[in-house]
Structures are given as structure tokens and as C-alpha cells.
Amino acid sequence: MDELELIFENATRSAIFTNREVLRPDYIPDQLPHRGNEIRKVAMVMATALQGVRPSNLFIYGLTGTGKTAVAKYVLKRLSAKAERSVKRVKWIYINTRIENTSYRVLAHIAEGLGLKIPFTGLSTSEVYRRIINRLNSDSVILILVLDEIDFMVRKEGDEILYRLSRVNEDLSSSKVTIVGITNDIRFIESLDPRVKSSLGEEELVFPPYNASQLEDILSERAKLAFRPGALGDGVIPLCAALAAREHGDARRALDLLRVAGEVAEREGADVVSEDHVHRAYNELERDRAVEVISTLPLHSKIVLYTIYRSVGDTPPTTGEVYVKYRELCQRMGLEPVTQRRVSDIISELDMLGLVNATIINRGRYGKTRILLPTIQRDVVLSALENDPYISMF
DNA sequence: CGTCCACAGGAATGACGGGCGG
DNA sequence: CCGCCCGTCATTCCTGTGGACG
């Protein structure tokens with residue numbers, strides 16, 4: 001066997017995985033462990049469609065990786081399968097408004113889902129809306145619209161499409177439309193126009209985060225499909241679950257961790273995934289995330305981040321101290337520094353991105369400030385910053 | 001017990017570049 | 001293609017605040 005043949009063989013035949021696709025975030029399993037209550041609730045709300053009655057609009061809230069999307073898709077898939085054998089026709093369209101992030105694209109997506117041909121530009125949004133209405137009126141169907149990550153669209157476009165969609169039934173005679181909104185931002189609901197809020201939230205459902213033992217069940221379930229028998233070390237799944245549980249019980253993170261751990265093991269030619277592989281996978285994921293986030297930061301945010309991480313070892317700096325160092329650095333780099341007010345906002349942004357930990361403290365006579373603690377390994381941050389041509393010049 | 005520190009963080013406004021509808 | 005709008009980064013001016021100090 002020649003060298004290339006060997007490489008290709010190794011790529012196709014894994015000592016670790018039988019099917020790694022089932023560990024990817026967009027995979028929808030047949031079983032959704034520990035979401036029985038949620039599945040039942042969604043199903044009960046949606047079931048009226050089978051009697052030809054419009055289901056109530058539903059609002060689903062829950063942190064990332066709590067199974068919101070998976071449950072919604074799962075129930076609706078089952079529902080439409082059941083409906084094929086009933087009198088009333090039920091149709092559902094899934095839209096991720098983080099991707100279809102303008103009202104035009106959302107409407108165009110709906111129109112396409114109804115079998116209409118819509119150019120990606122050229123029509124006004126009201127024209128697309130009109131065509132959707134016409135189509136629905138010439139048909140008799142219960143249409144369930146799933147708007148995932150609905151907060152993204154509203155942040156960008158305002159809630160006027162939601163208002164329009166929530167009242168679409170007033171323009172319809174034979175067909176009916178139900179809206180299922182999904183978000184992980186709880187404050188988002190409060191920011192809505194009260195009319196939209198009451199209409200969209202006819203039914204509400206909160207998805208609690210998974211705890212460590214529930215994550216273990218989810219991982220075990222998938223691992224059966226993903227890994228070769230015996231390819232997983234004993235402590236691997238509990239460890240992945242524990243690490244992910246620490247980060248708000250995010251099942252997606254847990255699955256990523258398990259998959260990457262498998263890939264790390266595979267890369268080194270091990271035939272069993274060990275706990276050590278999990279730790280390395282954890283670092284790798286954290287590193288990737290940090291590099292990704294840091295590389296897209298504006299220049300001055302990078303400089304502020306740099307001053308915070310450079311001073312590790314001394315006592316944790318306050319906003320004022322960081323600002324002084326930041327100004328020095330700007331001068332050395334020949335850049336105009338931004339104001340302290342702006343740096344204050346930059347620090348808040350870095351805090352929200354999880355790149356630093358900013359805690360407000362009151363030192364009485366010595367004022368109120370924030371102390372900045374690093375949250376990530378220093379070399380990860382510094383090497384990510386090196387990628388910036390400006391910064392690497394020092 | 002009132003001051004006053006060292007900022008937090010809200011509001012208004014502006015420069016700038018990119019995308020979109022007409 | 002052009003004007004307009006919108007998001008982002010930034011400034012200016014501002015009011016708010018917990019508690020050590022005198």
C-alpha cells in the first residue's frame with residue numbers, strides 16, 4: 001500500500017468513531033433525554049392543529065444548548081407526519097433569524113417554504129407579504145412558523161414584522177398561522193411591544209439547563225451511535241458532562257467536547273479516548289473560541305485587552321490603572337488614544353465576551369471602580385493578539 | 001454623619017463605511 | 001448608480017454611588 005493510500009485509508013476508517021456526525025450541533029436525535037416534559041407541553045399546544053384548530057402561539061425560552069430547537073423540530077416533524085393521515089393539512093417552516101436576519105429574507109423564506117418563487121432582491125417586503133397571503137388564502141392549511149433566535153432579528157429590524165406576523169390571521173380566511181418564537185435572551189421578551197408580547201406569548205415555555213447527570217445521559221445516548229464499542233475510557237463521559245455543566249448546562253458544549261476529545265485521540269493514533277484527551281479538547285475549544293473572538297475585536301479593544309493581560313502577576317488592575325497603561329502604549333505605537341469613557345465601555349464588552357472578569361468594587365474614600373481579572377490563559381490571549389499586524393509590531 | 005473619591009454608566013451627538021431600495 | 005439609512009466606534013457632558021475618612 002503506498003503512502004497516500006495509507007493516509008486516505010486512515011481518514012476513512014477510524015479507530016475511534018463509527019459516526020461522528022451524530023455529535024455535531026445540528027444533528028437531531030430520535031431520543032431527547034430529559035426533555036419529556038417540554039416535548040409533551042409543545043405537543044399539547046400544537047396538537048389542536050390535527051383538529052383543524054389553530055394552535056396557540058408559543059414562546060420558548062432557554063439558555064443555549066438546552067434543546068429548544070431540537071424539541072421544536074422533533075415535535076413538529078412528528079406532528080406533520082401524523083397530519084398526513086388526517087383531514088387538515090399542517091405545514092411547518094423553520095427559520096433561523098440569525099441567518100435570515102432581515103424581514104425581507106424571513107418573508108422570502110416563508111414564501112419559498114410555501115412553494116412560491118421569490119427573487120432574493122427586487123420585490124418590496126409588502127409585495128412578498130401579499131403573495132404569501134394570496135397563497136395561503138387559495139389553500140387550506142395550518143402553517144406553523146418557527147422563528148429561532150428571534151431576538152437577533154428584532155435587535156436588527158425592530159418588532160414590526162413580528163407585529164405583522166402575529167396579526168396575519170386577520171388577513172386570512174381558509175388558512176391559519178401559528179408562530180413559535182425561540183430565544184435565549186430573557187430580557188428580550190420584556191423589550192417587545194406589549195401587543196406583540198401578548199399575542200406571541202399565548203403560551204410560554206421555559207427550558208431549564210441540564211445538570212451534570214442529565215448531560216451524562218445525553219452523551220451516553222449519542223456516544224452509542226458515534227463511537228466504536230470500547231473506544232471511550234470510563235471517566236470520559238462524566239468528565240465532559242461535568243465540564244459542560246459548569247458552563248450553564250449547555251448540551252452543545254458537552255457534545256463538542258466529546259467529539260473533539262475523540263478527534264484528539266484519533267489524531268495521536270490512540271484507540272481509546274482518555275480523560276486527558278478531554279482536558280486537551282477543552283483547552284483546544286477554549287483556545288479556538290478565544291482566537292476567534294479576539295481576532296474580530298477592534299484595534300483599541302485589542303490594546304486594552306493587551307494591557308490587562310500584560311500586567312498579570314501584579315495585583316489585579318483597576319479601570320484607571322489600565323487606562324494609564326493603555327495611553328502609554330498608544331503613545332508608543334503612535335496612535336491617538338480613545339477617552340476613558342470609551343475604555344470603560346470596551347471593558348464592559350470584554351467582560352461580556354468572557355475575555356476578562358470585571359467586578360465592580362467600592363473602596364469608599366478611594367472611589368468606585370472595576371478590578372479586571374484575566375479569565376483565560378495568558379499565552380492564549382497573547383498569541384491571539386500577535387495575529388494583529390499592528391499589535392505584533394509592539 | 002456628611003464628604004468626596006474614582007470611577008460607572010446613561011444620553012445626545014457625530015464621523016464613517018457599507019448595504020439597500022428605488 | 002445615487003442618495004439614504006443604519007450599525008459601529010467614538011466623544012462630550014452628565015448624573016449616580018458605596019463606604020473610608022475626617
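Here is how names work: the chains are called A, B, and so on, in the same order as the sequence lines, proteins then strands, and each is numbered from 1. Below, all heavy atoms of this structure are taken into account, side chains as well, without hydrogens, waters or symmetry copies. Remember, predicted model here, so these are calculated numbers, not experimental data.
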Nearest-Å distance, [atom1] ([X]) to [atom2] ([N])?
X: Q340(A); N: dG9(B); atom1: CD; atom2: C1'; value: 12 Å
X: Y366(A); N: dG19(C); atom1: OH; atom2: P; value: 16 Å
X: N362(A); N: dC4(B); atom1: CG; atom2: C1'; value: 13 Å
X: K368(A); N: dT17(C); atom1: NZ; atom2: P; value: 8 Å
X: Y323(A); N: dG9(B); atom1: OH; atom2: P; value: 17 Å
X: E349(A); N: dG9(B); atom1: CD; atom2: P; value: 12 Å
X: L372(A); N: dA6(B); atom1: CG; atom2: C1'; value: 14 Å
X: R363(A); N: dC21(C); atom1: CZ; atom2: P; value: 12 Å

- Message: Quick check for you: among dT11(C), dC7(B), dC9(C), whose closest atom lies nearest to any side-chain atom of P298(A)?
- Response: dC9(C)
- T369(A) side chain, from C-beta outward: closest of dG9(B), dC7(B), dA10(C): dC7(B)
- Message: Would you say the rings of F207(A) and Y61(A) are close, in the sense that their centroids are separated by under 6.0 Å?
- Response: no
- Answer with base, sugar-phosphate or nothing: what part of the nucleic acid does I361(A) contact at a heavy-atom distance below 4.0 Å? nothing
- What nucleic acid atoms does R341(A) come within less than 4.0 Å of, heavy atoms only: base, sugar-phosphate, or nothing? base
Do the side-chain N or O atoms of [X] get closer than 4.0 angstrom to the phosphate oxygens (OP1, OP2) of [N]?
X: R365(A); N: dC21(C); result: no
X: S344(A); N: dA8(B); result: yes
X: T339(A); N: dT11(C); result: yes
X: T319(A); N: dA8(B); result: yes

- Message: Any salt bridge linking E284(A) with R267(A)? Criterion: basic side-chain nitrogen under 4.0 Å from a carboxylate oxygen.
- Response: yes
- Query: Using a distance-only test with no angle check, is there a side-chain donor-acceptor pair under 3.5 angstrom linking D171(A) and Y129(A)?
  - Reply: yes
- Per the salt bridge (charged side-chain N to carboxylate O under 4.0 Å, His left out) rule, which among R252(A), R289(A), R253(A) passes with E247(A)? R253(A)
- Message: Reading DNA chain B from 5' onward, which residue's closest nucleotide shows up sooner: G364(A) or R370(A)?
- Response: G364(A)
- Message: Donor-acceptor check, side chain of H277(A) to backbone of S274(A), threshold 3.5 angstrom: yes or no?
- Response: yes
